[in-house]
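The structure appears below as structure tokens.
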Amino acid sequence: MNKLILTNITLACFLAVNPASASDLASATYSNLVGKSGEIQLPADFRQHWVHLGSWVVTDAKAPGHGFHDVYTQSETVKAFHDTGKFPDGAVLVKEIRKLGSGKLTTGEAHWATDNAVWFVMVKDNLGRFKGNPNWGEGWGWALFEAKNPKVNVSKGFTESCLGCHTPAQKTDWVFVEGYPTLISK
Ligand code: HEC
């Protein structure tokens, strides 16, 4: 066997064991979860297959975000973030809000997640793919889905529905990274 063939076999083996490069992530995201004109879909079964980044609990019953917030992403996103400190193209962040159960348990006064309420979704876009689409901008696609019809994005566009509240996180690419131990500690 000559050297070139050997090198090619080694490369093929490497690719077979390491299929998930960053560009695979982008092509999977943009072919499975985003339509041709930028329509964002809620990923299915992310609780079973994605990485849990962290949780927030908003206990104030009058607050719009009252509930248990769990945030998930793909394992490739976590790896890329550990390597580069940035969200890779095609990263998807899902924040699932569930209603809050609470009561005194043997552990103490406890809060836990119950029924589904809404899902907030952000999709990283380094290429400015959907210029003019109100759900895309500032390097992300932005969407909101409700439990009563999880197929319809009910966001009115990211400037109206999302950006104002995310301004405190602008320096960290609009993401509240301090709440995600899985991302920021290796
Ligand atoms: C009322 C303020 C508010 C609005 C409106 C809002 N967000 Fe957020 N969002 C937050 C805060 C604060 C967090 C982190 C803390 C928490 O969940 O309590 C967050 C977290 C998230 C996360 C988890 C990743 C991260 O950035 O930390 C996603 C995804 C998200 N928001 C998407 C959206 C999208 C998409 C919209 C618009 C459709 C939106 N948000 C509108 C305040 C808001």
Side-chain angles (χ1 to χ4, degrees), residues 25 29-30 32-35 38-47 49-78 80-82 85-102 111-126 128-130 133-185:
L25 178 67
T29 295
Y30 284 96
N32 300 332
L33 296 174
V34 181
E39 307 87 348
I40 299 167
Q41 279 175 35
L42 178 66
D45 298 335
F46 58 86
R47 268 193 176 256
H49 304 297
W50 288 16
V51 178
H52 181 238
L53 292 183
S55 303
W56 313 81
V57 186
V58 178
T59 52
D60 178 357
K62 287 187 233 96
H66 178 240
F68 208 102
H69 305 187
D70 278 309
V71 181
Y72 294 83
T73 194
Q74 310 99 322
S75 57
E76 293 89 339
T77 296
V78 177
F81 196 94
H82 285 171
K86 291 187 178 140
F87 291 99
D89 194 37
V92 179
L93 300 173
V94 178
K95 178 170 94 168
E96 178 177 81
I97 301 190
R98 285 176 176 254
K99 293 186 183 137
L100 213 56
S102 58
H111 300 278
W112 59 91
T114 62
D115 301 339
N116 274 323
V118 295
W119 296 271
F120 288 94
V121 177
M122 290 167 72
V123 181
K124 188 67 195 159
D125 169 30
N126 284 342
R129 290 174 172 85
F130 304 107
N133 181 323
N135 294 314
W136 292 82
E138 299 293 348
W140 292 92
W142 309 71
L144 172 60
F145 302 90
E146 295 174 333
K148 62 180 179 198
N149 188 357
K151 290 206 179 323
V152 177
N153 174 9
V154 295
S155 171
K156 297 192 178 106
F158 79 97
T159 46
E160 187 177 339
S161 296
C162 319
L163 211 58
C165 268
H166 277 248
T167 303
Q170 184 171 0
K171 281 209 183 94
T172 44
D173 203 7
W174 306 98
V175 179
F176 294 86
V177 288
E178 68 273 22
Y180 309 127
T182 316
L183 268 191
I184 57 182
S185 53

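Order of appearance sets the numbers: ligands from 1, and atoms from 1 within every ligand. In this chain, residues are counted from 1 in sequence order.
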Of Leu53, Thr73, Leu183, Thr182, the one forming a side chain to side chain contact (heavy atoms under 4.5 Å, CB included) with Phe81 is Leu183
From atom 43 (C) of ligand 1, work out which of Gly67, Ala63, Cys165 has a heavy atom at the shortest distance. Cys165
Please report the shortest heavy-atom distance between Gly67 and Leu100, naming the atom on each side. C-CD1, 3.8 Å
Taking the six-membered ring for Trp, are Trp56 and Phe176 parallel (under 30°), tilted (30 to 60°) or perpendicular (over 60°)? perpendicular
Relative to the heavy atoms of Cys162, which atoms of ligand 1 are at a distance of less than 4.0 Å? 34 (C), 35 (C), 36 (C), 37 (C), 38 (C), 39 (C), 41 (C)
So is Ser161 touching ligand 1 or not, going by heavy atoms under 4.0 Å? yes
Closest to atom 32 (C) of ligand 1 among Phe145, Phe158, Trp140, Phe120 (heavy-atom distance): Phe120
Quick check on contacts: which atoms of ligand 1 are under 4.0 angstrom from a heavy atom of His69? 16 (C), 17 (O), 18 (O)
Kindly indicate whether a cation-pi arrangement holds for Lys124 with Trp140, taking the cut-offs as under 6.0 Å to the six-membered ring centre and within 45° of the axis. yes
Candidate with minimal heavy-atom separation from atom 25 (C) of ligand 1, of Trp174, Trp142, Tyr180: Tyr180
How far does OG1 of Thr59 sit from NE2 of His111, to the nearest 0.5 angstrom? 6.0 Å
Does any N, O or S atom in His166 come within less than 2.8 Å of atom 8 (Fe) of ligand 1? yes
Using non-hydrogen atoms of the residue, decide whether Ala143 is closer than 4.0 angstrom to ligand 1. yes
Check: Trp50 ring centroid to Tyr72 ring centroid under 6.0 Å: no
So which bit of Val121 gets within less than 4.0 Å of ligand 1, heavy atoms only: side chain, backbone, both or neither? backbone
Would you check whether Val58 has a nitrogen or oxygen atom less than 3.5 angstrom from a nitrogen or oxygen atom of ligand 1? no
Please classify the Ser155 to ligand 1 contact at 4.0 Å (heavy-atom distances, strictly less than): side chain, backbone, both or neither. side chain
